[in-house]
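Everything on this sheet refers to the single structure shown next.
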Amino acid sequence: MQTIKVLYFASLRELIGTSETSIEATGPVGAAAVWKAVNPSVELPGSSLVAINQSYASLDSMVQPGDEVAFFPPVTGG
Amino acid sequence: MQTIKVLYFASLRELIGTSETSIEATGPVGAAAVWKAVNPSVELPGSSLVAINQSYASLDSMVQPGDEVAFFPPVTGG
Amino acid sequence: MTSLIRVQTDALEPWQEIAKFQTDNFNGHTDFGATATFVGTMRDLNEGDEVFEMTLEHYPAMTEKKLAEIVVEAESKWPLLHTLLMHRVGIIKPADPIVLVAVWSAHRAAAFDACRFLMEALKHQAPFWKKENLVSGQSRWIAKNTPGIS
Amino acid sequence: MTSLIRVQTDALEPWQEIAKFQTDNFNGHTDFGATATFVGTMRDLNEGDEVFEMTLEHYPAMTEKKLAEIVVEAESKWPLLHTLLMHRVGIIKPADPIVLVAVWSAHRAAAFDACRFLMEALKHQAPFWKKENLVSGQSRWIAKNTPGIS
């Protein structure tokens, strides 16, 4: 059993009310399923982006135990 | 009778050996004819540019008495 | 070849930073003929509303990784000699510089192209988010960037 | 709106000039979100030959007129707020900055496009000529510019 770290940024951080949480996992789990596991009652906003270990991924991508997964809105830097 | 000022720059200045000369004119004369009048024995190099009163012109353009006409090679600033 | 990437909460003085980067690393070098730079500065008006200040949030570990990736990508596409990339985070006030991109190359086409590429890649990929605090007292997250092509 | 065009024999310090132009004319303004700049610097190698120094000649009355025209043209094509254009003439040594173009606009697309347009227009239209004095002792006029599009 290993931890998957879950991060939220910007408007998603405010929507969830926290910047970080975690779940325990014994095997790979889809990014969408990670969201559902930690936020069972909140739908992920449609324009949201996902990163696994600081690289862009999709909701279908598999998150491994020990990974860091982040959910955030479209980026607006520069 | 009025003066037409003739200027040369860069390699054309060196070709002619002077930066400025002039001719007298009573009426309009083509830029090519101005060159011929002041440099009867030197052919204008093919890539040369012409400016009349500090604006680009062509060899067919008419130079008026009192005008300034300049002959120079392609520009290479910046 | 020198590349410097920096994300900072301190005020950014772009022209001083460019001059310093050049002096520190390659002053007097005769291999670069072209330097192209871009500076993005905070405006006090957005979508018709007066903006009092902005909060710039980022995802530090990913920002670092992503900015390094886009610099490597630019260096693979164009023959760049040096690259400087700086970005503010935290509280930003109107007229504050937010982002600086500067590239040095032998010729101008590469410098212009790479500078613009870096700026667009940064805006579309680097995990920064802007929240506007309006003069009216309201605040809002900026939903998306303005287009980079007119 | 401020435009400054200057042709000078003195050394050109581009980053200081940009900072000074901004401080003197529109420091703290909140209407520009984008500044794009280009600096052209003398290299010591051209077409395989080592260049010792360069002589930059121009046609003063026409240079002034032509540079003013291209700034007006850029201002008619893009919503520019400020434009700075500086060019060296006389004796130039390797690593010396030769030309500086800087534009300020509300958004980045206009700033990038206008900066590049000004640079290309300057190179193709402004009556400057470069003569290279080679390390070998020979000297030669540069026949034409390198292309601006890669």
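Order of the sequence lines sets the chain letters (A, B, ...), proteins ahead of strands, with each chain counted from 1. In this text the structure is predicted, and so the values were computed from the model without any measurement.
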For this session: Salt-bridge test for Asp67(B) and Lys5(B): reply yes if a basic N is under 4.0 Å from a carboxylate O, no otherwise.
Result: no

Exercise. What about Phe9(B) and Phe71(B), are their ring centers closer than 6.0 Å?
Worked result: no

Seminar exercise, completed: Residue from Gln125(D), His124(D), Met119(D) scoring the most non-hydrogen pairs under 4.5 Å with chain B is Gln125(D)

For this session: Compute whether any side-chain donor of one residue and acceptor of the other, for Trp141(D) and Glu14(B), lie under 3.5 angstrom apart.
Result: yes

Exercise. Is a side-chain donor or acceptor of Asn145(D) paired with a backbone partner of Lys123(D) at a separation under 3.5 angstrom?
Worked result: yes

For this session: Could you tell me whether Glu20(B) and Arg13(B) have a side-chain N and a carboxylate O separated by less than 4.0 Å?
Result: no

Problem set entry | Distance in Å, Gln2(B) CD paired with Ser22(B) OG, rounded so as to fall on 0.5 Å steps | 12.0 Å

Exercise. If we ignore angles and hydrogens, is there a donor and acceptor under 3.5 Å between the side chains of Glu24(B) and Thr3(B)?
Worked result: yes

Problem set entry | Contact class of Leu49(B) relative to chain D, heavy atoms under 4.5 angstrom | neither

Problem set entry | Side chain / backbone / both / neither for Ile142(D) at chain B, heavy atoms under 4.5 Å | both

Exercise. Does anything in residues 47-77 of chain D get under 4.5 Å of chain B by heavy atoms, and if so which residues?
Worked result: Glu57(D), His58(D), Tyr59(D), Ala61(D), Met62(D), Lys65(D), Lys66(D), Glu69(D)

